[in-house]
Visitor: 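Dumping the structure here so I can ask a few things about it.
For the numbers below, each heavy atom of this structure counts, side chains included, while hydrogens, waters and symmetry mates do not. Sequential numbering from 1 along the given sequence is applied to the chain's residues. All of these numbers come straight from a predicted model, not from anything done at the bench.
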Amino acid sequence: MRQLRAFFRPTIRYSNPLTQQRAQGLLIYLGLGFVLSALGSIAPLIEAITLFAQTGTLRVDAIGVVTILSPILSIVFFALVRQGFYEQAVFGILTLSLMALIPLSEDPLRSVNVLTFIIPIIMAGVLAGWQTTSIITVIVLGFAARPTLLDRLGPSPETDFVVFVLFAFLFASLMIIFGTNVRSTAVRFIRDFQNLIQITDNLVVTREATTENEAIRTALNTVRDQVHFTFARVYLVDDGLVTQRLQPGLNQSQLNVDTRIDLTSRSAVYEAIRQNDIVLVRGSDDNSFRQHILSGTQQALLVPFSNRNGEVVGVLDAESEDRVQFSESDQQTLRLIAQQLGQTLERIQVVDSLRKDLQEQDELIAKQRDQLLQYERLERQTTIETWRSYLEQRNTEFLGFDMTGQYTPPVEAVDLDEDLQTAIEAGTIVVTEQDRYQHVKVPIQYRGQTLGAMTFRVPLAAQTIGARQQDLIRNVVQRLSLALENKRLFEQSRAQAKRERKANEVGSLLLGTTDIETVLELAASNFQSALGAVQTQIRLEPLADNISKNGDEDSV
């Protein structure tokens with residue numbers, strides 16, 4: 001059935017939808033006509049063949065020729081319509097139908113032939129326009145009047161002819177009126193459909209807008225240019241109150257925003273907000289209801305639009321100075337535009353809110369990143385300073401040990417080897433080959449700071465220091481740096497505890513004495529034993545100037 005339906009459709013789509021529908025109907029008619037004409041042509045064809053066999057002559061009248069050729073012509077017209085030649089096929093069909101009237105025009109018009117003469121008029125009214133229908137009607141009337149005009153027949157045929165003329169004009173008028181109305185309806189439908197396509201395209205532009213003003217400007221231009229209203233504007237609503245009025249400027253790219261809006265609660269704008277439905281404003285309404293309308297405007301449509309929660313967020317105001325009434329199509333179109341505008345504004349607000357949140361998060365992340373970088377920088381600086389302080393406490397610039405064999409104890413180094421200095425400056429593993437050995441130089445790093453370096457040699461015959469061996473070396477050195485840091489912290493903690501303990505002991509001795517001389521003597525001796533001092537001097541001499549100065553500073 002799908003293939004059959006496709007067979008009775010034009011392969012070329014006509015630009016006019018009305019012609020497309022007529023072509024599809026004509027294809028079905030030609031298909032049925034082929035079957036009927038093929039059956040009807042069997043008898044005349046057999047008769048012609050029989051006569052030719054008996055007499056040797058082929059004699060076929062005009063009706064027989066048309067009957068025999070009808071199936072072939074049906075196929076030809078069918079192919080023309082499918083290939084996009086609708087007008088040519090209609091011209092051929094109407095010509096063929098008129099040719100069928102030629103034999104009938106030889107005799108006076110009879111009532112039985114009236115339907116035959118009416119068929120071309122009906123076909124012209126259905127398949128063509130009113131101009132073609134009028135021409136076919138005149139030709140048919142000429143065929144019907146031919147016997148009367150040439151042979152001057154009696155009153156009876158003239159009476160039949162008068163009746164036929166009345167019927168012909170009746171059918172022709174009916175087909176012309178019907179065809180004209182159908183064509184007008186089709187043209188209006190096509191125009192509305194094309195306008196709807198343009199409106200849909202503009203709605204797509206509205207939906208893709210990135211700012212509220214852009215979306216509102218596109219919607220207002222659509223109402224003015226595509227729906228053909230005289231003027232349009234948008235009222236933005238917040239919590240049931242009108243906050244802004246936006247209307248086109250001098251050109252389509254300009255949008256004027258007004259925040260000073262003087263509308264009372266009786267205005268049609270607030271009525272649309274309260275009802276959350278379309279409100280029609282007529283010229284007969286009172287001035288308080290029409291207070292938002294421009295001077296000279298006859299009628300207006302107010303279409304509210306809501307957010308996803310059903311709250312009215314705006315009102316689309318479309319005004320006209322020449323429309324007597326608004327059609328249902330106008331209302332549906334404005335409702336569609338307003339609905340799309342509401343969705344777009346809500347989407348833009350959500351996007352702006354998300355963009356603002358994202359910007360705040362980016363700023364927070366950037367701030368945290370700066371704080372982290374400062375902390376890492378301070379941590380690295382602290383790491384270097386603590387190790388330098390540790391080495392200063394040990395009265396040395398560096399710590400180093402050399403091991404020449406597996407079972408040889410480490411020997412403290414007295415200088416900084418050049419290879420070690422190279423590894424410290426490079427900050428990464430360096431592998432070189434020399435004298436059948438692979439010389440591996442590895443920096444010792446802790447928290448991104450290089451504390452030192454180590455070097456060792458591996459015979460070339462043993463193994464090659466590749467990527468996997470270097471990963472192993474990094475892991476071992478990482479644990480070495482952590483162990484060194486823990487050892488330093490342990491030593492410093494123990495030294496700090498020892499100093500605290502010594503200070504407590506000295507404090508206890510000093511607090512336990514009963515005279516100043518003994519306190520001074522104990523303090524000097526403990527400084528000598530704790531710090532290795534070789535000479536200690538203590539003086540007590542309170543000065544009046546210092547007392548007054550300290551008192552002034554305290555008072556300040």
Visitor: Counting only heavy atoms not in Y29, do more than 12 sit closer than 6.0 Å to its OH atom?
Guide: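 Counting other residues, nucleotides and ligands, OH of Y29 stays at 12 neighbours or fewer.
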Visitor: Apply the test side chain to side chain contact (heavy atoms under 4.5 Å, CB included) to residues L263 and H292: give CA-CA distance (whole Å), side-chain angles for both, the deciding distance (0.1 Å), then the verdict.
Guide: CA-CA 7 Å; L263 293 177; H292 73 284; 3.9 Å; yes
Visitor: What residues, two or more places apart in sequence or in another chain, satisfy side chain to side chain contact (heavy atoms under 4.5 Å, CB included) together with L364?
Guide: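 Once residues adjacent in sequence are excluded, the partners of L364 under the side chain to side chain contact (heavy atoms under 4.5 Å, CB included) criterion are Q368.
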Visitor: For Q445, does its backbone N or O pair with a side-chain atom of S481 as donor and acceptor, under 3.5 Å?
Guide: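 Answer holds: yes.
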Visitor: Who pairs with L39 by side chain to side chain contact (heavy atoms under 4.5 Å, CB included), at least two apart in sequence or on another chain?
Guide: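 Partners of L39 under the side chain to side chain contact (heavy atoms under 4.5 Å, CB included) test: V35, I42.
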Visitor: Working note: R347 + V350, criterion side chain to side chain contact (heavy atoms under 4.5 Å, CB included); need CA distance, chi angles, decisive distance, verdict.
Guide: CA-CA 5 Å; R347 177 187 60 80; V350 172; 5.7 Å; no
Visitor: Excluding sequence neighbours, so at least two apart, what forms side-chain hydrogen bond (donor to acceptor under 3.5 Å, both in side chains) with D277?
Guide: none
Visitor: Counting C-beta onward and ignoring hydrogens, is there a side-chain heavy-atom pair between Q298 and T230 closer than 4.5 Å?
Guide: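 No, every pair of side-chain atoms sits at 4.5 Å or beyond.
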Visitor: If you count heavy atoms of other groups shown closer than 6.0 angstrom to CG of D262, is the number above 12?
Guide: no
Visitor: For a quick test of reading the model, state the closest non-hydrogen atom pair linking V303 to A338 and the distance between them.
Guide: CG1-CB, 3.7 Å
Visitor: With a 4.5 Å heavy-atom cut-off, do V242 and L236 have their side chains touching?
Guide: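 No, their side chains stay 4.5 Å or more apart.
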Visitor: Only pairs at least two apart or in different chains count here, so list each side chain to side chain donor-acceptor pair (under 3.5 Å) that has a residue in residues 265-274.
Guide: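 Every pair satisfying side chain to side chain donor-acceptor pair (under 3.5 Å) with a residue in residues 265-274: R266-S288, E271-R274, E271-Q275.
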Visitor: Taking it one step at a time, do L354 and V351 satisfy side chain to side chain contact (heavy atoms under 4.5 Å, CB included)?
Guide: CA-CA 5 Å; L354 293 176; V351 171; 5.6 Å; no
Visitor: Salt bridge between K367 and D370, side-chain N to carboxylate O under 4.0 Å?
Guide: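 D370 and K367: not salt-bridged.
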Visitor: Going by the rule salt bridge (Lys or Arg N to Asp or Glu O under 4.0 Å), which residues pair with E376 if we only count those two or more places apart in sequence or in a different chain?
Guide: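 Here no residue qualifies.
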Visitor: Can you list the residues that meet the salt bridge (Lys or Arg N to Asp or Glu O under 4.0 Å) rule with R260, with sequence neighbours excluded?
Guide: none
Visitor: A side-chain contact here means heavy atoms from C-beta on lying under 4.5 Å apart; do I278 and L302 qualify?
Guide: no
Visitor: Using a 4.5 Å cut-off on heavy atoms from C-beta on, say whether the side chain of I136 contacts that of L98.
Guide: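 In short, these two side chains touch, coming nearer than 4.5 Å.
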Visitor: Per the side chain to side chain donor-acceptor pair (under 3.5 Å) rule, what does the pair list look like for residues 81-95, sequence neighbours excluded?
Guide: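 Applying side chain to side chain donor-acceptor pair (under 3.5 Å) to every pair that reaches into residues 81-95, excluding sequence neighbours, yields nothing.
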Visitor: By salt bridge (Lys or Arg N to Asp or Glu O under 4.0 Å), which residues pair with D258, not counting sequence neighbours?
Guide: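 In terms of salt bridge (Lys or Arg N to Asp or Glu O under 4.0 Å), with neighbours along the sequence ignored, D258 is linked to R245.
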Visitor: Return yes if some donor-acceptor pair links the side-chain N/O of Q299 with the main-chain N/O of E321 below 3.5 Å, else return no.
Guide: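 Checking the backbone N and O of E321 against the side chain of Q299, no donor-acceptor pair under 3.5 Å is found.
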Visitor: Does any non-hydrogen side-chain atom of K356 lie less than 4.5 Å from one of D352?
Guide: no
Visitor: Is the shortest side-chain N to carboxylate O distance from R290 to D285 below 4.0 Å?
Guide: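 So R290 does not pair with D285 through a salt bridge.
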Visitor: I'd like to check Q381 versus I384 (side-chain heavy atoms, cut-off strictly below 4.5 Å). Are they in contact?
Guide: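 Answer no - side chains too far apart.
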Visitor: Using atom types as modelled and distance alone, determine if a side-chain donor or acceptor of T297 lies under 3.5 Å from a backbone N or O of I293.
Guide: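 Absent.
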Visitor: List in chain and number order the residues that pass ring pair (Phe, Tyr, Trp, His ring centres under 6.0 Å) with F78, two or more places apart in sequence or in another chain; answer none if no residue qualifies.
Guide: F7, F8
Visitor: List for me each residue that meets salt bridge (Lys or Arg N to Asp or Glu O under 4.0 Å) alongside R377, sequence neighbours excluded, and say none if there are none.
Guide: none
Visitor: Please tell me if the side chains of L246 and N213 come closer than 4.5 Å, counting only heavy atoms from C-beta onward.
Guide: yes
Visitor: Which atom pair, heavy atoms only, marks the closest approach of P443 to T450?
Guide: CB-CG2, 4.3 Å
Visitor: Test of understanding: with side chain to side chain contact (heavy atoms under 4.5 Å, CB included), list the residues that count as partners of N307, not counting sequence neighbours.
Guide: N309, E311, V313, E346
Visitor: Is there a side-chain contact between E360 and D357 in this structure, where contact means two heavy atoms from C-beta onward sitting under 4.5 Å apart?
Guide: yes
Visitor: Can L316 and I337 be said to form a side chain to side chain contact (heavy atoms under 4.5 Å, CB included), step by step?
Guide: CA-CA 9 Å; L316 175 61; I337 295 174; 4.3 Å; yes
Visitor: Going by side chain to side chain contact (heavy atoms under 4.5 Å, CB included), name the residues that satisfy it together with Q478, two or more places apart in sequence or in a different chain.
Guide: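 Result, side chain to side chain contact (heavy atoms under 4.5 Å, CB included) vs Q478: N475.
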